[in-house]
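Notes to accompany the following structure.
Throughout, a chain's letter reflects where its sequence line sits, starting with A, and its residues are numbered from 1.
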There are 2 protein chains.
Amino acid sequence: MSVASPFRPVSRQSLSESVYLQLKDRIVRRELTAGASLPSERELSEALGVNRGAVREAIKRLQQSRLIAVRQGGNHVVLDYLDEAGLELLPSLLLDKRGRVSGAAVRSIMAMRSALAPDIAAAAAEHGGAILAAELQALLKQMRAADSDVGALQNHCFEFWKALVAASDNIAFRLAFNSMQRTYRQVWGLLTRVMEAEFRDLAGLGRIVRAVAAGDAEAARTAGRRHVEIGRRALERTLDTSTGEGA
Amino acid sequence: MSVASPFRPVSRQSLSESVYLQLKDRIVRRELTAGASLPSERELSEALGVNRGAVREAIKRLQQSRLIAVRQGGNHVVLDYLDEAGLELLPSLLLDKRGRVSGAAVRSIMAMRSALAPDIAAAAAEHGGAILAAELQALLKQMRAADSDVGALQNHCFEFWKALVAASDNIAFRLAFNSMQRTYRQVWGLLTRVMEAEFRDLAGLGRIVRAVAAGDAEAARTAGRRHVEIGRRALERTLDTSTGEGA
DNA sequence: GTGGTCATCTTATCATACCAGTTGGGGCGA
DNA sequence: TCGCCCCAACTGGTATGATAAGATGACCAC
């Protein structure tokens with residue numbers, strides 16, 4: 001999944017998509033401050049040179065993201081995304097307007113990963129059983145074979161955790177994992193280098209597999225924590241030495 | 001905030017809102033299976049008796065929630081929300097079609113809370129300082145005064161954690177907290193009774209305050225874990241004795 | 001089997017109405 | 001002068017028409 005390819009799918013974004021992205025960025029960058037009113041739909045459609053329907057579709061998506069509040073008869077008002085928005089907004093906060101990675105956002109998501117991973121591993125060990133252990137074992141075998149290709153290891157590592165999350169029998173973990181994964185994807189290439197040490201920690205993944213096979217939740221928790229701390233520390237070191245990095 | 005009142009605001013939901021909710025429910029309940037095609041927009045607008053614009057706005061919101069994939073010229077196809085949707089979907093999974101609480105969803109969200117709360121407390125202790133400690137101390141004082149009213153304690157308890165999360169200096173924690181909070185709100189009244197023991201654990205909150213004041217992250221982590229485990233265990237006991245509960 | 005053409009689906013966009021709720025200011029009465 | 005009410009001018013919400021353009025599968029020539 002998501003193998004690097006010389007071809008990239010051409011992306012045509014619809015008008016409402018463009019409008020949505022533009023407004024979302026202006027809200028996230030605080031150019032439109034919380035409490036302020038948006039221009040009316042008619043003004044927006046004229047200013048942006050698009051149909052009012054396109055504006056309305058974008059507005060509906062902003063409302064869905066809890067970036068604005070809608071009241072019939074009055075203007076749409078901008079909300080404070082720190083108080084209202086959900087985890088889905090995280091990908092939008094990772095890169096600033098010049099495409100540079102936000103160190104604070106990276107630290108945040110890595111902290112969340114460190115908080116969840118041990119419990120995910122523990123839950124998987126509790127519910128996964130022999131079937132999960134076999135699946136993980138097979139993945140680990142593939143990783144040992146792909147030892148030279150860090151990008152492949154990274155993909156396999158992701159699949160490993162995806163399997164753990166799916167087996168954790170926890171819908172919240174699973175949905176949060178999806179949200180976080182979409183954040184990673186934006187800087188997937190950067191992480192390949194920075195977190196290489198974690199992707200090569202097959203011994204740590206092996207400990208998780210053995211804990212799952214044994215149904216030992218505590219051992220899985222410890223092994224999971226040790227494993228993700230490798231990448232976290234590596235990333236902290238990188239952030240400490242370079243204040244910012246181009247994507 | 002969110003005080004019980006004999007009056008509830010009349011909810012007039014727009015057509016597109018109705019369409020969105022109806023389609024979302026059918027997808028979440030697996031009546032529309034992953035991979036299946038949605039009827040065309042014109043068919044939907046005719047079948048539901050609304051204009052195409054309303055259907056289109058609903059479709060855009062489903063796309064935003066990653067419940068469907070949109071391609072011009074082809075039918076919209078339903079995605080597997082377990083693989084695609086984000087944490088924002090959690091509130092939709094808490095109640096089944098008859099309004100009963102899903103035990104699995106409750107256990108899931110409580111597990112996630114238990115995973116995040118210790119690290120939130122630790123991060124807050126690291127970054128909060130004396131200002132946060134004073135704020136928490138004031139909240140705690142209010143709670144001691146409101147000792148007889150469990151509902152008030154519940155609200156204060158929420159404010160307590162909201163302050164911790166805001167001070168944690170972690171955008172991911174904050175956004176995830178918002179998402180989870182919207183899930184709780186649906187069963188806020190039920191939780192008042194079930195988690196009463198946690199809301200009355202002022203000693204535990206006091207330990208967190210002292211750890212924050214001392215800047216002791218590890219103490220805050222331990223105190224946070226102990227505190228939320230109270231509610232979690234209480235909820236587990238309730239779920240174990242009663243298989244389901246009406247809302 | 002490979003590639004091209006075409007009819008016919010679909011969504012995407014546009015334009016223009018009109019309905020419904022909010023707001024604010026001006027006029028009226030006390 | 002003060003307070004109230006009403007109306008005009010906003011706002012978003014709904015409805016319906018048309019045109020453009022992508023997706024798809026049947027079909028055919030090579």
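The shortest side-chain heavy-atom distance between B/S114 and B/V228 falls under the 4.5 Å cut-off.
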Distances for protein N/O vs nucleotides 22-24 of chain D N/O pairs under 3.5 angstrom?
from   : atom 1 : to    : atom 2 : distance (Å)
D/dG22 : N2     : B/G73 : O      : 2.9
D/dA23 : O4'    : B/G73 : O      : 3.3
D/dT24 : OP1    : B/R71 : NH1    : 2.6

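In the set C/dA12, D/dG12, C/dC14, the nucleotide with an atom closest to the side chain of A/L15 is C/dC14. The side chain of B/S40 sits closest to C/dT10 out of D/dG13, D/dT14, C/dT10. Checking C/dT10, D/dA15, D/dG13 against every side-chain atom of A/R56, the shortest atom distance belongs to D/dG13. For A/R52, the listed nucleotide lying nearest its side chain is D/dG13; candidates were D/dG13, C/dT11, C/dT13. Here C/dT10 is the nucleotide among C/dT10, D/dA15, D/dA18 with the atom lying nearest to any side-chain atom of B/N75.
At its two ends the helix from C/dG1-D/dC30 to C/dA30-D/dT1 runs along axes set 10° apart, each axis drawn from five pairs and the angle rounded to 10°.
For the pair B/S45 (side chain) and B/R42 (backbone), a donor-acceptor distance under 3.5 Å is present. With hydrogens and angles disregarded, a donor-acceptor distance shorter than 3.5 Å links the side chain of B/S40 to the backbone of B/E43. Side-chain N or O atoms of B/N170 include one that pairs as donor or acceptor with a backbone N or O of A/S108 at under 3.5 Å.
If you measure from atom CG of A/L38 to atom P of D/dC10, you get 19 Å, rounded to the nearest angstrom. B/E46 places its CD atom 17 Å from the C1' atom of D/dT14, with the value rounded to the nearest Å. The distance from atom NE2 of A/H76 to atom P of D/dC10 is 17 Å, rounded to the nearest whole Å. Distance CD1 (A/I68) to P (D/dT11): 15 Å, rounded to an integer number of Å. Between the CD atom of A/E41 and the P atom of C/dA15 there is a distance of 16 Å, given to the nearest Å. D/dG12 atom C1' lies 10 Å from atom CD of B/E57, rounded to whole Å.
When all heavy atoms of B/S168 and B/H127 are compared, the closest pair comes out as O-ND1, 3.4 Å.
The phosphate of D/dA15 has OP1 or OP2 within less than 4.0 Å of a side-chain N or O from B/N51.
Rounding to the nearest 0.5 Å places CD of B/Q63 at 9.5 Å from CZ of B/R56.
Backbone-only contact: A/E43 has heavy atoms under 4.0 Å from sugar-phosphate atoms and none from a base.
Aromatic pair A/Y184/A/F177: ring centres not closer than 6.0 Å.
Taking the charged nitrogens against the carboxylate oxygens, A/R30 and A/D80 do have a contact shorter than 4.0 Å, which makes a salt bridge.
Comparing A/R42 and B/I59 along DNA chain C, the residue whose closest nucleotide (by nearest heavy atom) sits nearer the 5' end is B/I59.
Just one of A/R182, A/R66, A/K24, A/R61 meets the salt bridge (charged side-chain N to carboxylate O under 4.0 Å, His left out) condition when paired with A/E88; it is A/R182.
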